[in-house]
Amino acid sequence: MKPRKDPPAAPLPEDDDAALFRAAIGPVRELPAADTGPQKPRPKPAARMRDLDEDDARSEFRRMLDANPLLAGDTLSYRRDEVPQRVLQRLARGHYAAQDELDLHHVDAATAEVLLRRFMKEAREAGAGCVRVIHGKGLNSPDGVPTIKNLVDRILRQRSDVLAFHSAPAAAGGTGAVLVLITDR
């Protein structure tokens, strides 16, 4: 028996690369699809360094706050370097009239912070030059440290629109209130 010869293949066009490739490799069979199984979901990306930096900053800030907390009878006092000392003295004596007032009595710390920030923003936008913030003396604070008074002191020191602040004269609230001078910028 003579070996059988395959019929001659039809001539392939030279410009059909796909046909040339199929002719070169011959017949192929498709493999069955492989089951990959359930895969573990990828973790969501997290900014770990940012979170660590923020945690460090918060702990440092808390440590600084806890170092010397203000007590009920302590006077709040602050002025920027560019504000003359005599302006702070006049503020302490009540020579500046408060154009607006915020009372934070019986408010928790988180609410007080929101209210104070909003009040300061609105007072500046309204063009007020001096405002009074009543924070109370903190006599009913559980640990004897006036929470709201310390919060007000901390927030006012951080604000760029605050020129100076001082506890109010006795007739205007004493150490339970603070008069704040606001810049017009």
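Tracing side-chain contacts under 4.5 Å through hydrophobic residues (I, L, V, M, F, W, Y), one reaches Val28 starting from Phe21; they form part of the same cluster.
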Residues Leu181, Tyr96; criterion side-chain contact (heavy atoms from CB on, under 4.5 Å); working and verdict: CA-CA 9 Å; Leu181 288 180; Tyr96 298 102; 4.2 Å; yes
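Residues Asp74 and Ser167 form no side-chain contact, since every pair of their non-hydrogen atoms from C-beta on lies 4.5 Å or further apart. For the pair Met120 and Arg124, the minimum side-chain heavy-atom distance is 4.5 Å or more.
The two residues Gly138 and Pro146 have their closest heavy-atom pair at CA-CB, 3.6 Å. Taking both residues in full, the closest heavy atoms of Arg79 and Gln85 are given as NE-OE1, 2.9 Å, listed atom of the first, atom of the second, then distance. Considering every non-hydrogen atom in both Leu88 and Ala164, the closest pair reads CD1-CB, 4.3 Å. Across all non-hydrogen atoms, the minimal contact from Leu116 to Leu102 is CA-CD2, 3.8 Å. Shortest non-hydrogen contact noted between Ala112 and Val107 is N-CG1, 3.4 Å. Here the shortest heavy-atom pairing between Leu104 and Val152 reads CD1-CG2, 3.8 Å.
Pairs engaging residues 147-177 under the ring pair (Phe, Tyr, Trp, His ring centres under 6.0 Å) rule: Tyr78-Phe165 [sequence neighbours left out].
Atoms CZ and CG, on Arg90 and Leu179 in that order, are 13.0 Å from each other to the nearest 0.5 Å. In this structure, Leu156 CG and Arg117 CZ are separated by 9.5 Å, a value rounded to the nearest 0.5 Å. Taking CD1 of Ile155 as the start and CG of Leu151 as the end, the distance is 4.0 Å to the nearest 0.5 Å. One distance of note links CD1 of Ile148 with CG of Asp153; it measures 13.0 Å at 0.5 Å rounding. The distance from atom CG of Leu163 to atom OG1 of Thr183, rounded to the nearest 0.5 Å, is 4.5 Å. Summarising the geometry, atom CG belonging to Asp55 is positioned 10.0 Å from atom CZ belonging to Arg50; distances are rounded to the nearest 0.5 Å.
Counting only distance, with no hydrogens or angles, the side chain of Lys149 and the backbone of Leu76 share no donor-acceptor pair below 3.5 Å.
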Considering only distance and modelled atom types, tabulate donor-acceptor pairs under 3.5 Å from the side chains of residues 128-137, sequence neighbours left out.
from   : atom 1 : to     : atom 2 : distance (Å)
Arg132 : NE     : Glu101 : OE1    : 2.6
Arg132 : NH2    : Glu101 : OE1    : 2.8

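For Glu122, the side-chain contact (heavy atoms from CB on, under 4.5 Å) partners are Arg118, not counting sequence neighbours.
More than 12 non-hydrogen atoms from other residues, nucleotides or ligands lie less than 6.0 angstrom from NE2 of His105.
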